[in-house]
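This report concerns only the one structure given below.
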Amino acid sequence: MKIDKIDHIHVYVENIVLAEQWYKTILGFSRDESLLFWFEQGGPLVIRNHGASLSLFLRQSHPPGHTVAFRVAAQSFSELIPVLKQHNIPFSVSDHDVSVSVYFRDLSDNKIEVTSYDYLNAKQRLESLA
């Protein structure tokens, strides 16, 4: 079996409206109108940013602890870091020797990783933004 890409990730949140706005403001996600019927029937709210898709579920008993990792081009860090700083979102940077990642948390304490395999370019951009 060959897996082509991640289809979607379940993200459990305390407040769907606030979570949708947070993912829009911080990471550029928007509602997938073609799947809105699921949400209207009691299912998840599906949001997308190009090929990345999240299903926002209202947290009932599921504890935080999952990490959602998004692959980006190195130049995306130049857009992300100022947004995180503007919204006072704590973050950390990890150098994995083949990739560089920025880690932070959403409103419901789910861990987010934004990573680039354009290693040298990403590392230089992050150093200049620090």
Side-chain angles (χ1 to χ4, degrees):
M1 176 177 69
K2 178 184 174 193
I3 297 174
D4 293 326
K5 64 179 182 176
I6 294 173
D7 180 70
H8 71 280
I9 298 168
H10 292 203
V11 179
Y12 298 88
V13 300
E14 280 76 26
N15 184 308
I16 297 276
V17 173
L18 291 176
E20 178 185 16
Q21 185 59 46
W22 190 90
Y23 276 93
K24 178 180 181 180
T25 302
I26 304 303
L27 291 171
F29 277 82
S30 60
R31 199 177 269 198
D32 183 337
E33 296 293 338
S34 71
L35 298 176
L36 190 56
F37 71 93
W38 277 347
F39 181 62
E40 292 168 345
Q41 295 172 358
L45 177 64
V46 179
I47 58 176
R48 294 188 188 279
N49 182 335
H50 297 280
S53 179
L54 300 177
S55 293
L56 301 179
F57 288 88
L58 189 59
R59 177 175 289 144
Q60 309 249 334
S61 62
H62 195 281
H66 292 75
T67 300
V68 180
F70 302 102
R71 183 185 294 201
V72 300
Q75 70 260 20
S76 293
F77 289 127
S78 299
E79 299 168 20
L80 174 64
I81 299 303
V83 171
L84 294 175
K85 288 180 178 180
Q86 175 188 358
H87 292 279
N88 298 314
I89 297 172
F91 65 92
S92 63
V93 176
S94 292
D95 183 334
H96 303 296
D97 295 324
V98 295
S99 67
V100 181
S101 298
V102 174
Y103 294 92
F104 54 100
R105 294 183 180 273
D106 73 5
L107 293 175
S108 297
D109 209 29
N110 295 295
K111 196 170 187 182
I112 307 292
E113 174 185 2
V114 176
T115 190
S116 177
Y117 289 87
D118 183 4
Y119 177 73
L120 292 177
N121 190 3
K123 186 173 177 177
Q124 290 172 344
R125 285 179 184 272
L126 285 168
E127 287 173 353
S128 73
L129 294 167

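Quantities reported herein were computed from a predicted structural model and do not represent experimental measurements.
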Hey, could you give me the CZ/CZ distance between Phe91 and Arg105, rounded to the nearest 0.5 Å? 15.0 Å
Closest approach of His8 and Ser55, non-hydrogen atoms and distance? CD2-OG, 3.3 Å
Steps toward side chain to side chain donor-acceptor pair (under 3.5 Å) verdict (Ser34, Asp32): CA-CA 5 Å; Ser34 71; Asp32 183 337; 2.6 Å; yes
Val100, Val98: one ILVMFWY side-chain cluster at the under-4.5 Å cut-off? no
Is Leu45 close to Leu36 at the side-chain level, that is, under 4.5 Å between some pair of heavy atoms? yes
List, by chain and then residue number, the residues other than Val17 in its hydrophobic cluster (Ile/Leu/Val/Met/Phe/Trp/Tyr, side-chain heavy atoms under 4.5 Å); write none if there are no others. none
Atom of Ser99, atom of Tyr119 and distance for their closest heavy-atom approach: N-CD1, 3.7 Å
By the definition side-chain contact (heavy atoms from CB on, under 4.5 Å), identify the one residue from Val11, Leu27, Val114 that meets it with Val68. Val11
Nearest 0.5 Å, what's the CD-CG distance between Glu14 and Asp109? 8.5 Å
Residue set satisfying ring pair (Phe, Tyr, Trp, His ring centres under 6.0 Å) with Phe57, at least two apart, ordered chain then number -> His10, Tyr12
Apply side chain to side chain contact (heavy atoms under 4.5 Å, CB included) to the pair Asn15 and Trp22, showing each step before the final yes or no. CA-CA 11 Å; Asn15 184 308; Trp22 190 90; over 6 Å; no
What ring pair (Phe, Tyr, Trp, His ring centres under 6.0 Å) pairs are there with at least one residue in residues 67-87, not counting sequence neighbours? Phe29-Phe70
Residues, nucleotides or ligands: over 12 heavy atoms within 6.0 Å of His50 NE2: no
Minimal non-hydrogen separation, Arg125 against Ala74, with atom names: CD-O, 3.2 Å
First locate atom CD1 of Ile81, then atom CZ of Phe104, and finally report the distance between them rounded to the nearest 0.5 Å. 8.0 Å
Between the side chain of Asp118 and the main-chain N/O of Ala122, is any donor-acceptor distance below 3.5 Å? no
Check the surroundings of atom CZ in Arg48: do more than 12 heavy atoms from other residues, nucleotides or ligands lie under 6.0 Å from it? yes
Val13 side chain reached by Leu107 side chain, heavy atoms, under 4.5 Å: no
Taking all non-hydrogen atoms of both residues into account, name the closest pair between Thr25 and Val83 and its distance. O-CG1, 3.8 Å
Under a 3.5 Å distance rule, please check whether Ser94 uses its side chain to pair with a backbone N or O of His96 as donor and acceptor. no
Can you see which heavy atom on Lys85 is nearest to which on Leu129, and at what distance? NZ-O, 2.8 Å
Check: Pro44 and Leu56 side chains under 4.5 Å, non-hydrogen atoms: no
Within the structure provided, determine whether Glu79 and Val72 are in side-chain contact (heavy-atom separation under 4.5 Å). no
Find the distance between CD1 (Ile47) and OG (Ser30) and round it off to the nearest 0.5 Å. 8.5 Å
